[in-house]
Every structure is written in C-alpha cells, then in structure tokens.
Amino acid sequence: MNVHEINYIESKSILSKLRSEDNYFGIAYSMNLYRGCQHGCIYCDTRSSCYRLGDISQIAVKKNALELLGGELRTKRQRKGTIGTGSMNDPYMPLEKKMKLTRGALELIAKHRFPVHVMTKGNLVTRDVDVLQDISRTYAAVSFTITTADDDLAGKLEPYAPPPSARFKAMKKLAKQGIYTGVTLMPVLPFINDSIEDMEEIVEKAAAAGASYILPMFGVTLRSGSRQYFYNQVDQLFPKMSKRYQTYFADRYECISPNEHYLNLNFTEKIEALGISSQMKFYNPEEGNEQLSLF
C-alpha cells in the first residue's frame with residue numbers, strides 16, 4: 001500500500017486505564033503500540049478531530065513501547081484487568097510482520113499473567129497462536145472485525161486490510177488451537193452493507209470458522225473529522241451517498257441502519273440456531289486457570 005514514511009517516537013505510557021467499566025469487550029486497559037493505521041478503512045473513527053492524530057496513514061512506531069509495557073505490567077500486578085488492542089489502530093497491520101511489537105507485547109503479557117482481548121482485521125494473528133495459548137491459561141480472546149462477507153465490497157471499505165475470507169480462515173485456525181475467538185460485526189454502514197443477506201452470511205461463515213460469539217452494531221459512528229473523510233470516500237465509491245446520509249442522519253454521532261429492527265430479529269434467530277452467543281465471556285480472576293474450559 002502507498003503510505004508515508006514510517007516514523008519512530010517515544011511514548012510516556014503504553015497502557016491507558018478505561019474511565020468506566022466496559023461491558024461490551026471486557027477491557028480494563030487499552031494498549032496501542034503504534035500511532036496511525038495502515039488498513040485505510042474509510043469509516044475509521046480514529047480520524048475524528050477529538051483525537052488530534054491528523055493523517056492516520058502517517059504511521060509512527062512507539063520505539064520504547066515494550067520497555068514501558070514491562071514496567072507498567074509490574075506496577076499493575078495487584079490491579080489485573082484485560083488488556084485490549086485495536087482501539088486506535090490494528091495491532092496486526094502489515095508493519096507488524098516486520099516490527100513484531102505486538103508479539104513482544106503478548107510475550108510480556110503472558111509472562112506477567114495478564115488477560116488480553118485482541119481485536120483485529122489481520123490474519124497475521126495466527127503467527128502468535130503459541131503465545132495466545134499461553135495467555136489463555138489466564139484469559140485470551142481474539143475478535144476479528146468483519147463488516148461484510150463480500151471480499152470485493154470489503155476491498156472498497158477496508159482497502160489495505162486482509163479480505164474477510166482470510167479473516168475467517170485465521171479464525172478457524174485459532175479456534176482449532178483452542179483460542180476463544182469470535183466476530184465484532186461492526187460497523188454496519190447504512191444503505192451500503194446493512195442487508196439481512198450479508199449479515200446472515202457473516203454469521204454462517206463465523207459459525208463454520210468456530211466463532212464462539214458475535215458482537216454486532218448495526219450502524220456507524222461519525223463525528224467531525226471522520227465524517228468528512230467518510231463522505232468523500234463514499235461519494236467516490238457510491239455516488240451521492242453522502243447526500244443520502246446527510247438527509248437521513250444530519251449531524252448525528254450514531255448513524256443506525258433503518259433496517260436495525262429487522263437485522264436484530266434475524267441476527268438473534270440465526271445465532272440461536274447456530275449456538276453462538278451475542279455476548280463475550282470475560283476474564284474472571286476468581287476462576288483461576290479454568291478459562292480454557294469455556295471453549
């Protein structure tokens with residue numbers, strides 16, 4: 001992909017404590033080893049002006065990330081909580097193959113017996129199955145973000161990410177190795193990929209790949225910064241689509257699909273038939289090393 005030159009920066013900290021309890025992903029700490037993301041997803045919220053990141057295709061590597069992480073894990077031993085990845089960038093974007101920062105971080109997390117929830121669109125995660133198995137003695141989950149089952153459509157919406165078919169293959173490989181894995185079905189873009197047929201195909205392929213859960217959001221969030229970029233991109237891909245969004249949603253932050261009610265009904269029916277949960281099982285320190293019995 002065509003990206004700017006990679007920069008190296010130093011960070012003051014690597015783990016950010018969430019301000020409130022996360023009842024959706026079960027995360028207590030957020031970890032970003034890179035600044036910016038190479039996947040180029042047209043809907044990415046990280047472009048929002050409130051984050052002050054500017055051009056997120058300008059990638060920066062936090063060169064002291066692992067040194068910081070080791071120290072922070074030691075100081076937080078009495079306040080263990082699940083470490084989440086993928087909030088501001090993808091931990092398995094192409095650069096990770098060379099840098100191996102995510103693998104190094106997982107090795108430290110395994111050493112200090114912290115739980116982890118990896119969220120990614122990258123099939124490179126299968127490289128680290130050995131470390132994830134080790135972390136699973138405490139708790140490990142890997143969620144693959146899948147917005148559409150159509151590789152061609154995904155290529156437009158997420159131009160530099162591996163196609164959904166590759167993500168499903170990676171999910172199947174992890175599930176076969178005993179890793180707790182599932183899907184974050186989000187965002188679903190109104191008028192673009194919010195059909196019942198596409199949703200059902202995602203659920204069916206996730207079930208075939210061994211997903212234990214699917215977490216849906218039948219809409220997209222748009223705010224200043226990310227909204228302008230999204231509108232520019234969708235108008236190139238789907239002419240006059242931004243006008244349709246503006247007419248229907250105005251300046252709303254949450255743009256929920258008009259089909260949400262029917263999507264939810266069909267989604268619930270489908271996952272119940274296939275034995276998949278719509279909620280994750282979270283890390284529970286009182287369960288000790290019993291987490292592997294969940295899957």
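- By the salt bridge (Lys or Arg N to Asp or Glu O under 4.0 Å) test, Arg244 pairs with no residue at all, sequence neighbours left out.
- At a cut-off of 3.5 Å, with distance as the only test, a side-chain donor of Ser143 or His117 sits close to an acceptor on the other residue.
- In this structure, Lys17 satisfies the cation-pi test against Tyr29, with its NZ or CZ atom closer than 6.0 Å to the six-membered ring centre and inside 45 degrees of the ring normal.
- Aromatic pair Tyr245/Phe230: centroids less than 6.0 angstrom apart.
- Between Ala161 and Arg167 the shortest heavy-atom distance is CB-NH2, 3.9 Å.
- Outside the 6.0 Å centre-distance limit, the rings of Phe238 and Phe191 are not counted as a close aromatic pair.
- Remark: the backbone N or O of Asp198 is not paired with any side-chain donor or acceptor of Asn193 at under 3.5 angstrom.
- You'll find the side chain of Tyr43 stays beyond 4.5 Å of the side chain of Val234, heavy atoms only.
- Hydrophobic cluster membership for Met88: Tyr51, Leu53, Ile56 (Ile, Leu, Val, Met, Phe, Trp, Tyr linked by side-chain heavy atoms under 4.5 Å, directly or transitively).
- Judged purely by distance below 3.5 Å, without hydrogens or angles, the side chains of Glu72 and Ser13 never pair a donor atom with an acceptor atom.
- Sparse packing is recorded around NZ of Lys172, with 12 or fewer heavy atoms of other residues, nucleotides or ligands lying under 6.0 Å away.
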Scan the side chains in residues 261-273 for donor-acceptor partners under 3.5 Å anywhere in the protein, sequence neighbours excluded, and list what turns up.
unit_1: Asn266; atom_1: ND2; unit_2: Tyr262; atom_2: O; d: 2.7
unit_1: Thr268; atom_1: OG1; unit_2: Asn264; atom_2: O; d: 2.9
unit_1: Lys270; atom_1: NZ; unit_2: Glu204; atom_2: OE2; d: 2.6

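- Looking only at distances, no side-chain donor or acceptor of Asn64 sits under 3.5 Å from a matching main-chain atom of Glu67.
- Asp194 has its side chain within reach of Pro258: a pair of non-hydrogen atoms, C-beta onward, lies under 4.5 Å apart.
- Counting heavy atoms from C-beta on, the side chains of Tyr180 and Tyr139 come closer than 4.5 Å.
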